[in-house]
**Q** 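Quick one: the structure is below, questions incoming.
Counting begins at 1 with the first residue of the sequence.
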Amino acid sequence: MLWSGSRITLGGVWLLISEYGQAAGFQLRALALYEDVGDRLGQAEVLNSMGAGLAASAGPQVALASCRRALELARRVQSPLEEARALDGAARCLVRVGESQPAQPMD
């Protein structure tokens, strides 16, 4: 899905320059497109990208929800890469809210 992939990329560019509102707009449109066509891998990719922006703009608790949803989708489609990205994002959020403990399985 070329258009949604382009929107993810544009969202990433806006994240790089700390324009979180602009990034979120592109990412939400990409997410909607992936949802419309039932592309769970695409949804996981967008949610993982959104997690980074949300952690910086809305806070780690909001970002954690995005990471957890991405993790669920990544596991459903058996994508080790997106699963790893989701776990990394979730771990970063948990550390920021002071919940750094020894590694535990995340369900």
Side-chain angles (χ1 to χ4, degrees):
M1 170 128 298
L2 176 63
W3 289 107
S4 52
S6 298
R7 290 181 189 278
I8 293 171
T9 303
L10 286 170
V13 170
W14 286 111
L15 281 177
L16 288 173
I17 59 173
S18 300
E19 291 288 340
Y20 304 113
Q22 290 287 345
F26 283 102
Q27 290 167 330
L28 287 171
R29 286 187 288 247
L31 182 60
L33 289 170
Y34 282 128
E35 287 172 344
D36 286 348
V37 298
D39 184 340
R40 290 184 184 147
L41 178 59
Q43 292 172 55
E45 291 172 354
V46 174
L47 289 164
N48 276 325
S49 295
M50 288 176 66
L54 289 169
S57 62
Q61 294 289 18
V62 176
L64 186 57
S66 181
C67 295
R68 285 188 168 146
R69 189 165 164 220
L71 178 62
E72 176 188 325
L73 289 165
R75 285 181 172 167
R76 263 196 234 164
V77 298
Q78 299 178 341
S79 172
L81 175 61
E82 292 307 318
E83 185 175 347
R85 288 182 65 212
L87 289 168
D88 178 62
R92 291 173 187 270
C93 291
L94 291 170
V95 167
R96 285 189 58 199
V97 296
E99 292 186 30
S100 57
Q101 300 171 2
Q104 300 288 324
M106 207 172 159
D107 296 322

**Q** Nearest 0.5 Å please: distance from the CZ atom of Arg75 over to the CD atom of Glu82.
**A** 13.5 Å
**Q** What is the minimum heavy-atom distance between Gly51 and Ala63, and which atoms define it?
**A** O-CB, 3.3 Å
**Q** Identify the heavy atoms of Leu47 and Ala70 that sit nearest to each other, and give their distance.
**A** CB-CB, 3.7 Å
**Q** Please give me the minimum heavy-atom distance between Cys67 and Ala86, naming the atom from each residue.
**A** O-CB, 3.5 Å
**Q** What's the separation between atom CD in Glu83 and atom CZ in Arg76, rounded to the nearest 0.5 Å?
**A** 13.0 Å
**Q** Using a 4.5 Å cut-off on heavy atoms from C-beta on, say whether the side chain of Glu45 contacts that of Leu41.
**A** yes
**Q** Do Asn48 side-chain atoms and Gly89 backbone N/O form a donor-acceptor pair below 3.5 Å?
**A** no
**Q** If hydrophobic clusters are built from ILVMFWY residues whose side chains come within less than 4.5 Å, do Leu81 and Val77 share one?
**A** no
**Q** Charged N to carboxylate O under 4.0 angstrom, Arg68 versus Glu72?
**A** no
**Q** Return the minimal non-hydrogen interatomic distance between Met50 and Leu31, and the atom names on each side.
**A** SD-CD2, 4.2 Å
**Q** Looking only at non-hydrogen atoms, find the nearest pair between Ala74 and Ala44 and report the distance.
**A** N-CB, 4.1 Å
**Q** Should Pro60 and Arg92 count as side-chain neighbours, where that means a heavy-atom distance under 4.5 Å?
**A** no
